[in-house]
Amino acid sequence: MTAYIGRFAPTPSGFLHFGSLVAALASWLDARAASGRWLVRMEDLDPPREVAGAQAGILQALENYGLHWDGEIAYQSARHAAYEAVIQRLFQQGLAYACTCSRKQLEGSNGIYPGTCRNAGHSPENAAIRVRVPELAYHFLDRVQGRFEQHLGREAGDFVIRRRDGFYAYQLAVVLDDAWQGVTNIVRGADLLDSTPRQLYLQELLGLAQPRYLHVPLITQPDGHKLGKRYRSPPLQAEQAAPLLWRALRALGQIAPDDLRAASVDDVLAWGVAHWDAGSIPRVPVLPEAGLPTL
Ligand code: GLU
Ligand code: ZN
């Protein structure tokens, strides 16, 4: 049996909020309950979208909330050579191709690339690089969401692995880095469920091992908005650590006793590790409990 390696991979385009705490906590608990390692990887692929102070703020919040990581933090900004080498290889093998379509040309295709440049033979300079997808469905068994299937040709299309502006795409970087770091178990928010089949395809293409997946439900506001990029909830405050960890446990279906709300961060986390039951995580979003302040 391979030893468990988990990870949390935040993008520094914002600070951690309650929704990201739920995902980070689930990932941490799943690793600790398995006596595994838990890594942090900064997904700093897109400097223009980075928020000043977000990297330090994210790491500080993890510390304040007792979610200590193992080893050195990995930075995707230091991994460009590895991404580029794979892109060159896929390009030379004809598995990826250059796309010069403008945003305007792609309007109306519903985010699914129509394949315009597939056989155009464009040069890779000043072009986006797309990977060719097969007309096949990819599926996997998520530990919480169950079977999830996506037809790559119809539902994803040939997707970008290097943007026209030269930045590397999340889908490629995440697959290469999870393999490079030996990650065995990915626990993350359900907003990435529909990215997973593309990632499975890249793993297959590159001969990489497939990790196990667990997608935790997204936390929504009482009005149904999801927390996060579009609908901001306040960044996590240090003073709120124990009660918010308690609420995050409840959101994950882990029924922490009421009196634990006033306990220390370490006590809340110790309870969480001792009682961790991934089988109790709800598939659907949990609304913040009635009577508690809105997040
Ligand atoms: N960096 C991604 C995000 O913050 C998460 C990547 C992942 O967990 O696969 O949304
Ligand atoms: Zn194109």
Side-chain angles (χ1 to χ4, degrees), residues 5-17 19-28 30-31 38-46 49-51 54-55 57-58 61-62 73-77 79 96-107 109 111-124 126-132 140 142 157-164 167-181 183 185-200 202-203 210-216 218 226-230:
I5 301 181
R7 52 53 158 195
F8 180 56
T11 301
S13 58
F15 293 83
L16 295 188
H17 50 73
S20 30
L21 175 66
V22 170
L25 176 64
S27 167
W28 186 87
D30 201 53
W38 192 67
L39 312 176
V40 169
R41 181 172 71 234
M42 199 54 76
E43 302 216 314
D44 51 351
L45 284 175
D46 193 349
R49 291 193 48 209
E50 210 168 292
V51 167
Q55 292 204 14
I58 288 168
L62 291 176
I73 296 168
Y75 290 88
Q76 291 193 323
S77 54
R79 296 267 302 148
Y97 61 90
C99 165
T100 56
C101 295
S102 65
R103 198 168 298 224
K104 189 145 192 75
Q105 278 172 282
L106 296 178
E107 267 169 25
S109 53
I112 297 167
Y113 183 67
T116 321
C117 299
R118 260 195 164 197
N119 302 309
H122 294 307
S123 137
N126 298 314
I129 306 294
R130 290 181 184 273
V131 68
R132 247 174 241 280
F140 68 104
D142 189 90
D158 294 349
F159 56 94
V160 171
I161 52 176
R162 194 183 74 199
R163 285 163 26 184
R164 194 174 191 159
F167 292 122
Y168 298 98
Y170 157 70
Q171 305 292 356
L172 178 74
V174 75
V175 161
L176 291 179
D177 288 347
D178 283 329
W180 171 62
Q181 295 185 285
V183 170
N185 284 72
I186 292 178
V187 177
R188 61 186 180 190
D191 53 332
L192 293 166
L193 198 53
D194 73 352
S195 284
T196 310
R198 276 171 281 176
Q199 296 172 13
L200 299 180
L202 287 176
Q203 285 155 7
Q210 182 182 317
R212 291 185 79 198
Y213 289 96
L214 189 167
H215 286 88
V216 302
L218 290 183
K226 81 170 225 200
L227 295 183
K229 304 224 161 79
R230 247 162 272 150

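Not measured: the values here are computed from a predicted model. Atoms within a ligand are numbered from 1 in the order they appear, just like the ligands themselves.
Residue Y170 touches ligand 1 through its side chain alone, judged by heavy-atom distances below 4.0 Å. Residue-level proximity to ligand 1 for R7 is carried by the side chain, the only part with a heavy atom below 4.0 angstrom. Proximity of L192 to ligand 1, defined as any heavy-atom pair under 4.0 Å, is confined to the side chain (atoms from C-beta onward). Heavy atoms of V174 found under 4.0 angstrom from ligand 1 belong exclusively to the side chain.
Short contacts between ligand 1 and R188, defined as distances under 4.0 Å to a heavy atom of the residue, involve ligand atoms 7 (C), 8 (O), 9 (O). Within ligand 1, counting atoms from 1 as listed, the ones closer than 4.0 Å to a heavy atom of E43 are 1 (N), 2 (C), 5 (C), 6 (C).
No donor-acceptor distance shorter than 3.5 angstrom exists from the side chain of Q181 to the backbone of D178, with no hydrogens or angles considered. At least one donor-acceptor pair closer than 3.5 Å links the side chain of D142 to the backbone N or O of H215. Between the R132 side chain and the R118 main chain, a donor and an acceptor come within less than 3.5 Å of each other. In this structure a side-chain-to-backbone donor-acceptor pair under 3.5 Å is present from R164 to T100.
Not less than 6.0 angstrom separates the ring centroid of Y113 from the ring centroid of F159.
Considering the Zn ion (ligand 2) as centre, the angle to SG of C99 and to OH of Y113 is 100° (10° rounding).
The pair R7-D177 does not count as a salt bridge, with every side-chain nitrogen at least 4.0 angstrom from each carboxylate oxygen.
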